[in-house]
Amino acid sequence: MHSSVSVKFEKNPDSKNFDMGIKSKLSNLMNRRLMLFCITVTALLILIAVALAGILMPESAYATNFSQKNLAPSFAHPFGTDWTGRDMLARTIKGLSVSLQVGTFSTMVSCCLAVFLGIGAATMGRAADTIFSWLVDIILGVPHAVLLILISFAVGKGVQGVFLGVAITHWPKVARIIRAEVLQLRSRQYIRASAKLGRSKWEVAKIHIVPQIIPQFIIASILLFPHAILHEASITFLGYGLPPEMPSVGIILAESMRYLTTGMWWLTVMPGVSLIFIVLLFEAIGENIRTLTDPYRAHE
Amino acid sequence: MAFNMVKYVACAALRGVVLLFFISVVVFALVNISPIDPVSAYLGAHDGGVSPEQRQEVIEYWGLDKPILERYGIWLSSVVFRGDWGMSSIYRQPVIKVVGELFKASLTLMGISWLLSGILSFALGVIAAVKKGTWIDKVIKAVCIALASTPSFWVGMVLILVFAVWLGVLPSGLSAPATKLAADVTLWDRARHLILPVIALSVNGMGYIVLHTREKLIKSFESDYSLFAKARGEKKWSIIRRHNIRNVLLPAITLQFASISELFGGSAFVETVFSYPGLAQAAVNAGLRSDIQLLAAIAIFATIFIYAGNIIADILYVIVDPQIREGYHA
């Protein structure tokens, strides 16, 4: 008995690989779950910081200044300045903040639609399910970019076009996940037993079904976010989305198109890389939460 | 044959027609409820100098004074019975002719990109899976995750920056040199102008398919049939070629056909960045300049195109997979 305990102590991971470097030293300090949790919180803090910085930024930070125009990235202007002397770092942060706000709103609308339609399709009988699948087919049948253009056109372009377009086109993926999940849950033994024991439909939904769906729903919604932001930037880039006076990333990149051949690379590269960075942060948060909530994967 | 192909295709076609009808209603409704006045958009800069009578003439010519349901009926019957999609107000030509010409240009771009991205992403997925855990795998994976988060128009802009502005080796846009007459344009000119758009468009959809192939292949390596083949003494590459790849190829093909929708969306951005005269760019312009007839036609053609892609994928599934062919699925 005593010997088996001492063996267990010797199995300590760092006794085998002394020279694994910083990664293993870090993993000595904290386990995988704690590390993922820290990464997620850091990513979240960066996103909130960017959003707040953009909201609180005074307009003077990205005002025109003709004495400082067309400057390449330097210490004073890390992202350079554009042809009217606006500081690109400030404009990019402002633009990302606008994108984050648009993304938050349209993702929320999209997720609410997904919950109602997904649960409705799974619980309200065959007719509702058929209507649901037709709706999904119609939305997925038209190429995404074309549908975004159509919706934006239908509401007269501008901000509301982006909001509605992104909200209406993004729910099918999440709704399908929710529908499948609810359908699977409904046929489970314990749910049936609960109903047979006299619980009302509402109580069954509240006690057994909703808690099961919430993690799936949260992860799907977070992973929807980067798509919403990318599509907002893309449709704005084409000239449909946000108006030129709102410095969103799509507008910044569309404007920099005109200066591409003059060799002002920083107008294109810097805002683009920042956008990709923000999108990757969301992907990281989504993936990490997925891993953390899945007991099989959390302890890998 | 246990699986009735004729019946299957007939059902799919019927479903497609019904779907198309619904989509045509949605498209027509969307382009017609717009608060953007199509008459002003049509007249454009001339709007100020037009008398009310002339304005009325335009409204009557386009049938804009009739209720929307009646307009839909007229539009649908002229499309279905006479093949008449109306006139494009941007190109001043019949819509069907415009769409036909632009479709040819787009098809070259999309076709090459589709083949290239399909072959390349499958190959990269296989390499990453075989070399799992090595630096090659890590590099491929990191690049693919980054690519999946990168807007296609930005990839195009960076390509222009590097190859057209800095290196100056490739043209930055259009489908042929702007200084040459249409008759003098050689095949080489066209090919040179296609290189950058093709790369930008191929790269667009690749990330996801590479990661998917890699994941599936790794799962297949861990399967019982792989273990059994190994136990029989088969060589590593022989197992991959004869067992793993065959099992992974099917979902990869479906995914590749399903990606046609994304490809069409991506081409809107790539064509815009490279000023490539194609169908998706025309859709963008049609929306911006309120060319209702053209916008509706392109949306519906794109839908048919994508639905056809999905049906082809389903049929290929049947041809490639002996299990479905012999009716095991039932």
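The structure displayed is predicted, hence computed values, not measured ones. Worth knowing before you read on, the calculation uses all heavy atoms, side chains too, and leaves out hydrogens, waters and symmetry mates. So you know, we letter chains A, B, ... as the sequences are listed, proteins then strands, and number each from 1.
In B:Tyr208, the OH atom is not crowded: 12 or fewer heavy atoms of neighbouring residues, nucleotides or ligands sit closer than 6.0 Å. Within 6.0 Å of CD on A:Gln160 lie more than 12 heavy atoms contributed by other residues, nucleotides or ligands.
A:Ile149 is listed as a side-chain neighbour of B:Leu295, based on a closest heavy-atom distance under 4.5 Å. At least one side-chain heavy atom of A:Ile276 sits under 4.5 Å from a side-chain heavy atom of B:Trp154. Annotation: side chain of A:Phe153 is not in contact with side chain of B:Leu30 (no heavy-atom distance under 4.5 Å).
If you measure heavy-atom distances from B:Ile145 to chain A, the contacts under 4.5 Å come from both the backbone and the side chain. Using a 4.5 Å cut-off between heavy atoms, A:Ile229 makes no contact with chain B at all. With a threshold of 4.5 angstrom between heavy atoms, A:Val155 approaches chain B through N, CA, C or O but not through any side-chain atom.
Each of A:Val273, A:Leu140, A:Thr268, A:Ile139 has some count of heavy-atom pairs under 4.5 Å with chain B, and the biggest count is that of A:Thr268. Looking only at heavy-atom pairs under 4.5 Å with chain B, the residue among A:Leu148, A:Val279, A:Ile278, A:Leu238 that has the most is A:Leu238. Ranked by non-hydrogen atom pairs under 4.5 Å with chain A, the options B:Glu262, B:Arg15, B:Gln281 are led by B:Arg15. The candidate from B:Ile298, B:Val18, B:Leu19, B:Thr272 with the greatest count of non-hydrogen atom pairs under 4.5 Å with chain A is B:Leu19. Per-residue heavy-atom pair counts under 4.5 Å with chain A were compared for B:Asn310, B:Val26, B:Leu161, B:Leu288, and the maximum is reached by B:Leu288. Interface remark: of the candidates A:Val146, A:Leu147, A:Asp137, A:Asp137 forms the most heavy-atom pairs closer than 4.5 Å to chain B. For the set A:Gly141, A:Pro143, A:Ala145, A:Gly272, the entry with the most heavy-atom pairs within less than 4.5 Å of chain B is A:Pro143.
Between A:Leu275 and B:Pro151, the shortest heavy-atom contact is CD2-CG, 3.9 Å. Shortest non-hydrogen contact noted between A:Ser256 and B:Met157 is OG-CE, 3.3 Å.
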Hey, can you pull the donor-acceptor pairs under 3.5 Å for the side chains in residues 230-237 of chain A, sequence neighbours left out?
{"residue": "A:His231", "atom": "ND1", "partner": "A:His170", "partner atom": "NE2", "Å": "3.0"}
{"residue": "A:His231", "atom": "ND1", "partner": "A:His227", "partner atom": "O", "Å": "3.0"}
{"residue": "A:Glu232", "atom": "OE1", "partner": "A:Ser99", "partner atom": "OG", "Å": "2.9"}
{"residue": "A:Glu232", "atom": "OE2", "partner": "A:Thr236", "partner atom": "OG1", "Å": "3.1"}
{"residue": "A:Ser234", "atom": "OG", "partner": "A:Leu230", "partner atom": "O", "Å": "2.7"}
{"residue": "A:Thr236", "atom": "OG1", "partner": "A:Glu232", "partner atom": "O", "Å": "2.7"}

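Residues forming a ring-ring contact (aromatic ring centres under 6.0 Å, His included) with B:Phe28 (at least two apart in sequence, or on another chain): B:Tyr72, B:Trp75.
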